[in-house]
Amino acid sequence: MHKNKSYFFCGIGGSGMLPLANIVRDAGASVSGSDRALDQGRLGPKFEWLQSLGIHLFPQDGSGLTSGDQILIASAAIEDSVPDIAKAKALGCARMTRAELLADLFNAAPRSVAVGGTSGKSTVTGMIGWILTEAGLDPSIMNGAVMKNFVADDAPFASARVGQGEVFVSEVDESDGSIALFTPEVAVLNNVSLDHKTLEELRQLFGDFAKKAKVCVWNTDDAETAALIAPMNLSGAVSFGFGPDSAFRATDITDLPLGSRFMLQALGETHDVTLTVPGRHNIANALAAIAASVALGVGVAQAVQSVERFNGLARRFDIVGTANDITVIDDFGHNPDKIAATLATLKAFSGRIIAFFQPHGYGPIRVMGSELATVFADMLGQDDHLLLCDPVYFGGTVDKSLGSQSITDAVTKAGRNAEYIATREGCGNRIAELARPGDRIVIMGARDDTLSGFAGDVLKRLSV
């Protein structure tokens, strides 16, 4: 990255673009950008905040690109027909993907932690970042979600943190293969499961990721991860999990409605740990974060004290509120593993579940629609309800031949209550009809920040 260059982010409001734009701006470079959501009048507070930081925003019509010296940051998948892309080509602007720019920054850091895996990346990244911050290491953090511990009046969308220390902590993405660009000191591998790529492709990507690191922190409880990492005999491998062979192990677990308690066995020490984020998947996340932090020199006791004060991420089992004894939860669940973890957390306690799910595109339905249907059918009870609307879609060319109804049809065939209602508004009306005291309503989906507003609207309707 060059401080004397001007970077233009196409899609600057995205969960991966926004924090990176902030990191580049804080590093001293000129930053501007455009976003389709801005043009459509959505997500106003986010764009107002970016403007307050001195980031100039433009319509996504090419008007923000005026010189061939500007560097365009855009997704590799974005279509050439988008005016910003066409204008950048006409001007001869250099172009980088978000991942390429992030990898340049990450690989230049003296010390680094990369968090990979199909699920849990953002939470583990946030946990590690918080532990290292409390330990005085002043890390830079790149996350795909807002980290509640770092939210402040001047940082309401704290999905990134720019520190002055040597350590750079970042989640890394396997969905586009860009994980291959990163060379971390510590690599965390949470799990390997079906999402955007085939398992064969994922095994290659994650295997190479683990080999490059000085220390690989890996999950013994995930069968795919264990089958991949164990035979490698990596000299710097550090395991975590619930089994007796894990170097960082959780035992004596107590599930709580909004957290959990467990005993941590690590490095010959035993620590009593209480988390304020619920679910066994978050215990695993905490184990990974503690192990990674220890690999960077933090003491186990210090790591435990800090992770206990970790408040979670926006849209990760985020409790919006309760009205008339009905609780509404906003959640990022969008692939089989994430949805299973959320439902398992809910099923640990009594009460009917009303689950709303907006698929994060038509492509993901083709890739993992049957697996999603299986998770819902297996984990929802006879009295629970599932509602799906059409997948998120903000324009562009895409094959819409297989939609949300294919999932609800499969779940209904398996004997569970599932409905497809095309619009989100229609689903909201149906949720209001179904809801009764004692229910938990969970709003799930990715790639659409307006889902949080929808969750808030559902809560308001229940308050009437």
Side-chain angles (χ1 to χ4, degrees), residues 1 7-27 29 31-38 42-43 46-47 49-50 53 55 57 60 71-78 82 84-85 95-107 112-126 129 140-147 150 155 157-162 168-182 184 195-197 205 313-316 332 334-335 338 360-361 363-364 392 394 396 445-452:
M1 197 205 83
Y7 293 82
F8 187 90
F9 287 75
C10 181
I12 195 169
S15 61
M17 288 290 199
L18 182 146
L20 184 57
N22 277 281
I23 289 173
V24 171
R25 181 196 70 89
D26 283 351
V31 173
S32 57
S34 66
D35 199 283
R36 188 157 43 197
L38 176 66
R42 297 184 290 112
L43 310 178
K46 177 185 289 188
F47 295 114
W49 177 64
L50 286 172
L53 298 176
I55 294 175
L57 301 180
Q60 202 169 82
I71 299 172
L72 175 69
I73 310 301
S75 164
I78 196 167
V82 172
D84 284 344
I85 307 302
R95 178 175 174 178
M96 299 178 74
T97 65
R98 179 198 65 85
E100 287 169 341
L101 178 56
L102 175 59
D104 278 357
L105 293 163
F106 181 91
N107 293 335
S112 57
V113 187
V115 182
T118 313
S119 301
K121 293 188 292 290
S122 297
T123 298
V124 174
T125 299
S140 292
I141 310 166
M142 168 70 189
N143 209 331
V146 173
M147 301 173 284
F150 296 103
F157 300 96
S159 50
R161 178 187 190 272
V162 178
F168 198 122
V169 185
S170 180
E171 64 171 292
V172 292
D173 193 3
E174 80 287 346
S175 67
D176 59 0
S178 63
I179 189 174
L181 300 173
F182 296 80
D195 197 336
H196 297 277
K197 291 187 176 293
L205 285 168
L313 307 176
R315 300 217 65 233
R316 269 57 172 188
F332 190 67
H334 63 280
N335 65 34
K338 287 184 173 71
H360 59 297
V392 61
F394 294 131
R447 294 184 181 170
D448 184 356
D449 289 349
T450 65
L451 283 167
S452 294

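Once rounded to the nearest 0.5 Å, the distance linking NE2 of H360 with CG of N335 reads 7.0 Å. Atom CD1 of residue I71 and atom CZ of residue F8 lie 13.5 Å apart, to the nearest 0.5 angstrom. For the atom pair CD1 (I12) and CD1 (I55), the distance works out to 5.0 Å, reported to the nearest 0.5 Å. The line from CD1 of I85 to CG of L72 is 4.5 Å long, rounded to the nearest 0.5 Å. Atoms CZ and CG, from F150 and L313 in turn, are 10.5 Å apart once rounded to the nearest 0.5 Å.
Scanning for side-chain hydrogen bond (donor to acceptor under 3.5 Å, both in side chains) contacts around D35 gives an empty result, with sequence neighbours left out. Remark: F106 pairs with F168, F182 by the ring-ring contact (aromatic ring centres under 6.0 Å, His included) rule, at least two apart or across chains. In terms of the side-chain hydrogen bond (donor to acceptor under 3.5 Å, both in side chains) criterion, S159 has no residue partners (sequence neighbours excluded). Residues passing the side-chain hydrogen bond (donor to acceptor under 3.5 Å, both in side chains) test with S32: none are found, sequence neighbours excluded. In this view, F332 and H334 satisfy the ring-ring contact (aromatic ring centres under 6.0 Å, His included) rule, not counting sequence neighbours. Taking R315 as the reference, D330 meet the salt bridge (Lys or Arg N to Asp or Glu O under 4.0 Å) condition, with sequence neighbours excluded. Residues satisfying the salt bridge (Lys or Arg N to Asp or Glu O under 4.0 Å) criterion with R98, sequence neighbours excluded, are absent altogether. Under the side-chain contact (heavy atoms from CB on, under 4.5 Å) criterion, S15 pairs with no residue, sequence neighbours left out.
Minimum interatomic distance between V392 and G361 (heavy atoms only, all atoms of both residues): CG1-N, 3.7 Å. What you find for I78 and C10 is that their closest heavy atoms are CD1-SG, 3.5 Å. Closest non-hydrogen pair, P184 versus S112, comes out as CA-OG, 3.4 Å. Residues G129 and I141 come closest through the heavy atom pair CA-CD1, 3.5 Å. A37 approaches L43 most closely through the heavy-atom pair CB-CD1, 4.1 Å. Between L102 and S170, the shortest heavy-atom distance links the atoms CD2-OG, 3.5 Å.
Applying the salt bridge (charged side-chain N to carboxylate O under 4.0 Å, His left out) rule to pairs touching residues 113-126 yields K121-E174, sequence neighbours excluded.
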List the atom pairs, donor and acceptor, that lie under 3.5 Å between side-chain atoms in residues 16-25 and the rest of the protein, sequence neighbours left out.
| from | atom 1 | to | atom 2 | distance (Å) |
| --- | --- | --- | --- | --- |
| N22 | ND2 | L18 | O | 2.9 |
| R25 | NH1 | L53 | O | 3.4 |

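Between L101 and F9, the closest side-chain pair of non-hydrogen atoms falls below 4.5 Å. Between T97 and S178 there is no side-chain heavy-atom pair separated by less than 4.5 Å. With contacts defined as side-chain heavy-atom distances shorter than 4.5 Å, the pair N143/E171 qualifies.
Using modelled atom types, one side-chain atom of K338 and one backbone atom of T118 make a donor-acceptor pair closer than 3.5 Å. Panel note: side chain D84, backbone G11; no donor-acceptor pair is recorded below 3.5 Å.
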